[in-house]
Amino acid sequence: MDRKLVYVSLTLGAGDGRDQQRDFSAQGMTAAIDRVLHFSGLGWIDVAVLHEPGETELAQSSLSALKAMRATGRILSLIHISEPTRQAE
């Protein structure tokens, strides 16, 4: 199969599926991406999704690790999703 025909995304910070521990650390996100690439045999992840990281959950070291993974081609793009701000009624 031509890998360019498949679009793969990965949500980061949700733990490993066995618990609900959120992990936006540089080590946690790097390990998650490397684990997916290893077990899937994929060469890259098209988009890494950061789902609602809190203000204190995403350290500068984490952002640097994501930039390094993008620079080496392990991930192609990043998306940050946050909950919409609700307006007072």
*Using the ring of W44 (Phe, Tyr or Trp, six-membered ring only), decide whether R70 places NZ or CZ under 6.0 Å from its centre and within 45 degrees of its axis.*
no

_With a 4.5 Å cut-off on side-chain heavy-atom distances among I, L, V, M, F, W and Y, is there a chain of contacts connecting I45 to F39?_
no

*Who passes side chain to side chain donor-acceptor pair (under 3.5 Å) against Q27, sequence neighbours left out?*
none

*asked:* Just so I know, are the side chains of L12 and L66 near enough to count as touching, which here means a heavy-atom distance under 4.5 Å?
replied: yes

*So do L10 and I33 actually touch side chain to side chain, heavy atoms under 4.5 Å?*
yes

*Measure across S25 and G28 and return the closest heavy-atom pair with its distance rounded to 0.1 Å.*
OG-N, 2.9 Å

Pair up each side-chain donor or acceptor in residues 72-81 with any protein partner under 3.5 Å, not counting sequence neighbours, and list the distances.
from: T72; atom 1: OG1; to: A68; atom 2: O; distance (Å): 3.2
from: T72; atom 1: OG1; to: M69; atom 2: O; distance (Å): 3.1
from: R74; atom 1: NE; to: D34; atom 2: OD1; distance (Å): 3.3
from: R74; atom 1: NH2; to: D34; atom 2: OD1; distance (Å): 3.2
from: S77; atom 1: OG; to: D46; atom 2: O; distance (Å): 3.1

_Are the side chains of M29 and L63 in contact, using a 4.5 Å heavy-atom criterion?_
no

*asked:* Please give me the minimum heavy-atom distance between S61 and A26, naming the atom from each residue.
replied: O-CB, 3.6 Å

*asked:* Could you report the tightest heavy-atom contact between E52 and E57, atom names first, then the distance?
replied: O-OE1, 4.0 Å

*Which residues pass the side-chain contact (heavy atoms from CB on, under 4.5 Å) test with A31, sequence neighbours left out?*
R35

_When you measure from the side chain of S9 to the backbone of A48, do you find a donor-acceptor pair of N or O atoms at a distance under 3.5 Å?_
no

*Quick one: list whatever passes side-chain contact (heavy atoms from CB on, under 4.5 Å) with S40, sequence neighbours left out.*
V36, L42

